[in-house]
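Here the structure comes first, spelled out in structure tokens, and everything after it is commentary.
Numbering of residues begins at 1 and proceeds along the displayed sequence.
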Amino acid sequence: MNKKSLLTFVLLLVAALAFARKPAGGDALRYSILGDSYSTYEGCLTPDTNSIWYYRPESAQLHRGNDVRLVEQTWWHQVIRRMGGVLERNNSYSGATVCCTGYRGDDYSDRAFITRSNKLGEPDVILVCGGTNDSWANAPIGEYVYGNWTRQELYAFRPAMAKLLHDLRANYPTARIVFILNSELKPSINESVHTVCHHYGVPCLDLRDIDKQQGHPSVKGMAAFADQVVDFLNSSKR
């Protein structure tokens, strides 16, 4: 194969790969999910070593008293389908905190949102659902810090929340980012999320009236969750 033929082959291959990334029609938005247990589902996580809370039907012994059985029942699957999008990547990790402090004060830096935020592929839309485990684990709140974070500061919620949104903005400058805040969290977590989201100009959706079983959205709760996200995406400015 001469150089001209080789160049033509390479260009055609690149074009084919680029086209393959797009669904039929070529205009569907790519959605990435950055979350915790609320956004997990067996077989749908990248990487697949992330801890899972929602399992397939054949894993019935692991359902923990929650009636969600199908991926189609998850909030994020419903949202992406109804918005006409495609899943780019779901990097959710059960039990993960935004900051590096987890349950019992353990070091969660390996699974923290701030650690996973640069592993979302090439999304057009990023839906972040976090803060629940920081609230439940009583992670330190800390002070508002908007740059030059020390490692120790990132073990507290406010500095880590700021770094999370800073990094998402920096790593995905053209993506639409929405933070989704769970209901029934500590007031200090709610206040912190609203303050940091305002600072970075990231819209925040406050969930309400989400039916839960074992602290996690049920089928009914997932449907309400999806409804609120779809309504928010359709009504809010980019």
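- Counting heavy atoms from C-beta on, the side chains of Leu45 and Thr40 come closer than 4.5 Å.
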Let me check something: any side-chain donor-acceptor pairs from residues 78-86 under 3.5 Å, sequence neighbours excluded? List them with distances.
| unit_1 | atom_1 | unit_2 | atom_2 | d |
| --- | --- | --- | --- | --- |
| Gln78 | NE2 | Gln73 | O | 2.9 |
| Gln78 | NE2 | Thr74 | O | 3.4 |
| Arg82 | NH1 | Asp227 | OD1 | 2.7 |
| Arg82 | NH2 | Asp227 | OD1 | 3.3 |

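- Residue pairs meeting the salt bridge (Lys or Arg N to Asp or Glu O under 4.0 Å) criterion with at least one member in residues 126-139: none, sequence neighbours excluded.
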- Message: Set out, in order, the CA-CA distance, both residues' side-chain angles and the distance that settles side chain to side chain contact (heavy atoms under 4.5 Å, CB included) for Val178 and Leu233, then state yes or no.
- Response: CA-CA 8 Å; Val178 174; Leu233 291 173; 3.9 Å; yes
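- Between the OH atom of Tyr38 and the OH atom of Tyr54 there is a distance of 7.0 Å, given to the nearest 0.5 Å.
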- Are Val125 and Ile177 close enough, and set up right, to give a side chain to side chain contact (heavy atoms under 4.5 Å, CB included), and what steps lead you there? CA-CA 6 Å; Val125 181; Ile177 303 168; over 6 Å; no
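- No donor-acceptor distance shorter than 3.5 angstrom exists from the side chain of Ser59 to the backbone of Tyr55, with no hydrogens or angles considered.
- Tyr155 and Leu165 are assigned to two separate hydrophobic clusters, defined by single-linkage of ILVMFWY side chains at heavy-atom distances under 4.5 Å.
- Ser94 places no side-chain N or O within 3.5 Å of a backbone atom of Asp36 that could act as its donor or acceptor partner.
- Asn50 contributes a side-chain N or O that, together with a main-chain N or O of Ser92, makes up a donor-acceptor pair within less than 3.5 Å.
- Inspection of the Asn133 and Thr97 side chains reveals no N or O donor paired with an N or O acceptor under 3.5 Å.
- Across every non-hydrogen atom of Cys100 and Ile114, the tightest pair is SG-CD1, 3.7 Å.
- Looking at heavy atoms from C-beta onward, Val128 lies in side-chain contact with Leu168 at the 4.5 angstrom threshold.
- Pairs of residues two or more places apart, or lying in two chains, that qualify as salt bridge (Lys or Arg N to Asp or Glu O under 4.0 Å) and include a residue from residues 201-220 are Glu184-Lys212.
- Contact between Pro217 and Phe225 at its shortest, heavy atoms only, is CG-CD1, 4.2 Å.
- By the 6.0 Å contact criterion, NE2 on His199 is enclosed, its count of non-hydrogen atoms from other residues, nucleotides or ligands being greater than 12.
- Ile52 and Tyr93 end up in different hydrophobic clusters when Ile, Leu, Val, Met, Phe, Trp and Tyr side chains are linked at under 4.5 Å.
- Minimum interatomic distance between Leu164 and Phe113 (heavy atoms only, all atoms of both residues): CD1-O, 3.9 Å.
- Neither side chain, Tyr31 nor Asp124, offers a donor N or O lying under 3.5 Å from an acceptor on the other.
- The side-chain heavy atoms of Met161 and Cys99, taken from C-beta on, include no pair separated by under 4.5 Å.
- In this structure, Ser39 OG and Trp53 CH2 are separated by 12.5 Å, a value rounded to the nearest 0.5 Å.
- Here the side chain of Arg116 pairs a donor or acceptor atom with the backbone of Asn91 at under 3.5 angstrom.
- Using bins of under 30°, 30° to 60° and over 60° for the plane-to-plane angle, the ring pair Tyr200/His166 lands in the perpendicular bin.
- Relative orientation of the Trp136 and His216 rings is perpendicular, given thresholds of 30° and 60° on the angle between their planes.
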- Checking side chain to side chain contact (heavy atoms under 4.5 Å, CB included) for the pair Val219/Arg69: CA distance, chi angles, key distance, verdict? CA-CA 8 Å; Val219 170; Arg69 295 291 185 273; over 6 Å; no
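- Heavy-atom minimum distance, Leu207 versus Gln228: CA-OE1, 3.4 Å.
- The cluster map of Ile, Leu, Val, Met, Phe, Trp and Tyr, joined by side-chain heavy atoms under 4.5 Å apart, puts Trp75 and Leu70 in different clusters.
- Under a 3.5 Å cut-off, the side chain of Trp149 and the backbone N or O of Pro159 do form a donor-acceptor pair.
- The backbone N or O of Leu185 lies less than 3.5 Å from no partner atom in the side chain of Ser135, so there is not a single donor-acceptor pair.
- Residue pairs meeting the salt bridge (Lys or Arg N to Asp or Glu O under 4.0 Å) criterion with at least one member in residues 90-111, sequence neighbours excluded, are Arg104-Asp106.
- Across Ser192 and Tyr144, no two heavy atoms sit closer than the pair CA-OH, 3.4 Å.
- Remark: Ile210 CD1 to Asn182 CG distance equals 8.0 Å, nearest 0.5 Å.
- Ala137 meets the side-chain contact (heavy atoms from CB on, under 4.5 Å) test with Tyr103; sequence neighbours excluded.
- The only member of Leu127, Ile180, Val71 that meets side chain to side chain contact (heavy atoms under 4.5 Å, CB included) when paired with Trp76 is Val71.
- The backbone N or O of Pro123 lies less than 3.5 Å from no partner atom in the side chain of Glu88, so there is not a single donor-acceptor pair.
- Residues Phe179 and Ile126 are members of one and the same hydrophobic cluster, defined by side-chain heavy-atom contacts under 4.5 angstrom among Ile, Leu, Val, Met, Phe, Trp and Tyr.
- Within the structure, salt bridge (Lys or Arg N to Asp or Glu O under 4.0 Å) contacts touching residues 150-172 (residues at least two apart or in different chains) are Arg158-Glu191, Lys163-Asp167.
- The two residues Leu181 and Gly130 make their nearest non-hydrogen contact at CD1-O, 4.4 Å.
- Panel note: side chain Ser32, backbone Leu120; a donor-acceptor pair is recorded below 3.5 Å.
- With values rounded to the nearest 0.5 angstrom, Phe232 atom CZ is found 7.0 Å from Cys204 atom SG.
- Judged by distance alone, with hydrogens and angles left aside, the side-chain atoms of Arg89 form no donor-acceptor pair with the main-chain N or O of Ile33 at under 3.5 Å.
- A donor-acceptor pair under 3.5 Å is formed between the side chain of Asn66 and the backbone N or O of Gln213.
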